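These notes are about the structure you will find just below.
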Amino acid sequence: MKSAFANANVIPMPLFQQVKEAVRREILDGTYGPHEKLPSERQMMEAFSVSRITVRLALADLQREGLIFKINGKGTFVTLPKAQFDVSTLRGFGESAAQIGQEAFTELVSVTTGLPSHGVAHQLLLPKGSQVTKFQRLRYLNREPLAFDVTYAPVELGERFRSADLQHRDLFDIVENDCGMTVASARVNVEAVLCDVELAAYLNVEQSSAALHIERCVHDATGAPILYENLFYRGDRFRFGLDIDRVHLGQPLGERG
């Protein structure tokens, strides 16, 4: 057990909050790293001279904050910090990971070609009878599954992706550098969903766990759609960050700031 447990500061707050704050500090300062096991309830009771219910109240609060998780019969462990991607600009998964200094890897699950559903054809503005190439990819961040991507491309473009290194390169990179097109904009919708059996298996979470579903239609410089994507991110390991400015209604565009 690490020394900070034996030297918890006494502060004027309920005992369970004292325990919570002491453990919380050690998690945030790196004394206990991601996936490291915390001392047992008995060890904490002895270190803080408190009851079992006090320790359990403290741990329950830390679990609600997402700092720890419990495995029945094995103990309490520190969670991995959530990855945060900046969505102020349009980036691929690998580009976003590199921006925060993280290692990204892609497992190509499947590549198929066929007739799209009505919804996919509508998103890509395809005439009746056109085919699409469908890519399913499992995206890893620091060697752990973070997202499952389902991407559709018009078959002429999609077939050019087949020979590319999809494990280490983003589709955006291939579109721009191999195909000579510009990724200019995207229409994005975001919603919370529950993982079905298949998605839970890919993301290594329990069925009905929360996930973030991002529907994205990517356009080139002319405004034509080139990719339609459904991206599913683990809710326990991921969040988006966005810097926004307030626009005052009625204020001339040139004077807004």
Side-chain angles (χ1 to χ4, degrees), residues 1-88 96-97 99-104 139-147 190-195 199-214 232-244:
M1 192 167 64
K2 302 186 179 180
S3 59
F5 271 92
N7 297 293
N9 293 325
V10 177
I11 53 178
M13 62 173 62
L15 283 176
F16 84 91
Q17 289 188 4
Q18 294 184 40
V19 176
K20 169 191 169 182
E21 290 304 317
V23 178
R24 188 175 189 274
R25 282 196 299 272
E26 292 198 329
I27 291 172
L28 296 180
D29 70 14
T31 302
Y32 290 96
H35 283 176
E36 187 170 351
K37 186 178 180 180
L38 291 179
S40 67
E41 290 182 358
R42 171 60 62 182
Q43 289 172 315
M44 290 190 187
M45 289 165 59
E46 294 173 355
F48 291 104
S49 299
V50 295
S51 66
R52 186 178 298 276
I53 187 62
T54 297
V55 171
R56 288 182 174 177
L57 286 171
L59 294 178
D61 265 12
L62 291 170
Q63 188 168 12
R64 279 192 290 272
E65 291 182 9
L67 291 175
I68 62 173
F69 65 96
K70 294 183 179 181
I71 300 178
N72 290 335
K74 294 187 177 181
T76 304
F77 299 82
V78 178
T79 61
L80 285 169
K82 287 189 176 184
Q84 177 170 312
F85 288 173
D86 178 13
V87 293
S88 300
S96 296
Q99 187 188 34
I100 61 173
Q102 304 295 310
E103 177 190 10
R139 318 304 293 270
Y140 290 81
L141 191 69
N142 297 329
R143 303 181 187 275
E144 290 205 348
L146 179 67
V190 181
E191 64 179 344
V193 297
L194 298 179
C195 294
L199 182 58
Y202 280 126
L203 295 180
N204 194 26
V205 297
E206 294 184 1
Q207 184 182 352
S208 297
S209 295
L212 190 64
H213 172 215
I214 300 167
F232 300 90
Y233 287 81
R234 284 178 55 163
D236 63 334
R237 290 282 292 109
F238 183 79
R239 63 182 181 183
F240 274 134
L242 177 65
D243 293 325
I244 60 175

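Count residues from 1 along the sequence. Nothing here was measured: the structure is a model prediction, and the numbers come from that model.
Looking at Glu206, its side chain never comes within 3.5 Å of a backbone N or O of Ala200 through a donor-acceptor pair. Judged by distance alone, with hydrogens and angles left aside, the side-chain atoms of Glu46 form no donor-acceptor pair with the main-chain N or O of Gln43 at under 3.5 Å.
Contact annotation: the side chain of Met44 approaches that of Leu59 to within less than 4.5 Å [non-hydrogen atoms, C-beta and beyond]. The shortest side-chain heavy-atom distance between Pro39 and Tyr32 falls under the 4.5 Å cut-off. Put simply, the side chain of Leu38 reaches to within 4.5 Å of the side chain of Ile68, judged on heavy atoms. With a 4.5 Å cut-off on side-chain heavy atoms, Ile214 and Tyr233 count as touching. The closest side-chain heavy-atom distance from Leu62 to Arg24 is below 4.5 Å. Put simply, the side chain of Thr79 does not reach to within 4.5 Å of the side chain of Gln63, judged on heavy atoms.
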Going through the checks in order, is the side chain to side chain contact (heavy atoms under 4.5 Å, CB included) test met by Thr76 and Phe69?
-> CA-CA 6 Å; Thr76 304; Phe69 65 96; over 6 Å; no
Step by step, would you call Lys74 with Lys37 a side chain to side chain contact (heavy atoms under 4.5 Å, CB included)?
-> CA-CA 9 Å; Lys74 294 187 177 181; Lys37 186 178 180 180; 5.7 Å; no
Given Phe48 and Val55, is the side chain to side chain contact (heavy atoms under 4.5 Å, CB included) satisfied, shown in steps?
-> CA-CA 9 Å; Phe48 291 104; Val55 171; 5.6 Å; no
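Listed here is the closest heavy atom pair of Val78 and Gly33: CB-O, 3.3 Å. The two residues Ala58 and Lys20 have their closest heavy-atom pair at CB-N, 3.6 Å. The shortest non-hydrogen separation linking Cys195 to Val205 is SG-CG2, 4.0 Å.
Expressed to the nearest 0.5 Å, how far OG of Ser51 lies from CG of Leu15 amounts to 8.0 Å. A distance of 7.5 Å separates CD of Gln17 from CG of Asp61, quoted to the nearest 0.5 Å. Once rounded to the nearest 0.5 Å, the distance linking CG of Leu194 with CG of Leu199 reads 10.0 Å. Put simply, CD on Glu144 and CG on Asn204 are 8.0 Å apart, with the number rounded to the nearest 0.5 Å. Of the inter-residue distances, the one linking Leu146 atom CG with Asp236 atom CG reads 9.0 Å to the nearest 0.5 angstrom. Note that CD of Glu21 is 10.0 Å distant from CZ of Phe16, once rounded to the nearest 0.5 Å.
Considering only residues two or more places apart in sequence or on other chains, Arg139 meets the salt bridge (charged side-chain N to carboxylate O under 4.0 Å, His left out) condition with Asp149, Asp170. Evaluation of the side chain to side chain contact (heavy atoms under 4.5 Å, CB included) rule for Arg56 yields Glu41, Arg52 as partners, not counting sequence neighbours.
For Phe232 and His213, the distance between ring centers is under 6.0 angstrom.
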